[in-house]
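In what follows, a structure is listed as structure tokens, so that the remarks can point back to it.
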Amino acid sequence: MILDDLDARAAALDARHAQTDLRDRFLLPDGVVYLDGNSLGALPVGVPEAIESVVREQWGRDLIGSWNTHGWWDAPVRVGDAIGRLIGAAPGQVVVGDSTSVRLHQSLHAAAALRPGRGVVLTEPGSFPTDEYVVAGVAAQVGWRVEHATPAEIPARLGSEVAVVVLSHVDYRTGELLDLPGITAAAHDAGALVVWDLCHSAGALPVGLDAHDVDLAVGCGYKYLNGGPGAPAYGYVAARHQDAFVNVLPGWNGHAEPFAMAEGYVGAAGVARARIGTPPMLSLLALEAALRAFDGMTIEEVRARSLSLTSFLRDAIATVVPDADFASPQDDRRRGSQVALRHPDAYGIVQALAARGVVGDFRTPDLVRLGVAAPYLTHADLVAAVRALREVLRHDEHLDPAWTTRNVVT
Ligand SMILES: *Cc1c(COP(=O)(O)O)cnc(C)c1O
């Protein structure tokens, strides 16, 4: 029987990848297969304790002195360096705080200042909505024209008018992984800058920001980085652009001498000039503790595990749903860390799976999105998910009228 074969294959693969099984570094409820770590990462074991200590000892006991004694002031850049390790950025180029939306807004304004006289921002249709809105908003503010092109068309669309190319490294719906090195190089050949959104790649696969000469990048802390709901985002400013980085949201935290309380704004040296105002310290320190889940692990190791898991999941789904219509690429080089399936009853499938303890998510109009956060998932978990999927479809659980009304958050 097919599922027994899958059990045996899963056991063999789990044995082969035992070194990178970090499941015991996370707190997940028993009986749940969590395939939504690309929306909200699971809770790393060290986080509750870290928050308890930050609240009781640092805030409660040491009070305001903690800005110095517990390194609160430097945390945005210190935590930025910890993220930098996972995205291929040498220290001093990543700053943490605010949301991805804010960081993208800030990065695009900085790009406009670095490329004066160019009037086009080039992006792809179907980006994550906030990215679309921010691009349109900044374009209106700086006088850019927004042009859309598919990633494959982008090199041919570059010209002397293009100031910046803005793209998501991994498509949030299909999981398609773009050619970051190739597109970045093509943009540079045309004199343009690149801003990469790493929300769906950071913590899941190697990005190589420095190695590929990326100019600016942003990403969120709560997906594969597991920083918790509303965890602060980060911005990357390549060292070579820092002196000319114009902060459209100048705030006192990014001032060269914040405690001089000076009248005029003078940006700090280095990436600290991208700081804005006081960071959400509890969330920031929760993120710092969460990143320790990656200790001793390289991002290449995480990627190797992820590729094994996602290709296995795809195969396993295909054995129980022979006509499965995959939106995620089959080619390892083009796939991020998720498997996405098109189905007219996608919403019902996601809800029925959740009722069976398999948590994925639905993306409009017809996608069942199964995020694979490699550190805390095993191949055996994926067989359990596929078993549940087979039961849902076999018993038409996805057609249950209970699923015709959608929740506020899908
Ligand atoms: C998750 C995600 C965001 C989130 O932006 P917020 O400002 O944190 O709400 C932005 N862009 C992409 C591509 C995302 O996947």
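Each residue takes its place number in the sequence, starting with 1. When a ligand or atom number is given, it counts from 1 through the structure's own listing order.
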**Asked** Taking the six-membered ring of W73, is NZ or CZ of R275 closer than 6.0 Å to its centre and within 45° of its axis?
**Response** yes
**Asked** Looking at W252 versus F259, is the centre-to-centre ring distance below 6.0 Å?
**Response** yes
**Message:** For a salt bridge (Lys or Arg N to Asp or Glu O under 4.0 Å) check, start with the C-alpha distance between D361 and R363, then their side-chain angles and the critical distance, and finish with the verdict.
**Reply:** CA-CA 7 Å; D361 67 20; R363 281 295 171 263; 3.6 Å; yes
**Message:** Tell me which pairs pass side chain to side chain donor-acceptor pair (under 3.5 Å) where either residue lies in residues 47-60, with sequence neighbours left out.
**Reply:** E52-R56, Q58-W72
**Request:** Measure from NZ or CZ of R25 to the centre of the six-membered ring of Y376, then state whether that distance is under 6.0 Å and the direction lies within 45° of the axis.
**Result:** no
**Prompt:** Is the shortest distance from a Lys or Arg side-chain nitrogen in D179 or R333 to a carboxylate oxygen in the other one below 4.0 Å?
**Reply:** no
**Pocket residues of ligand 1, ordered first by chain and then by residue number (heavy-atom cut-off under 4.0 Å)** = S99, T100, S101, F128, T130, D131, S168, D197, C199, H200, Y222, K223
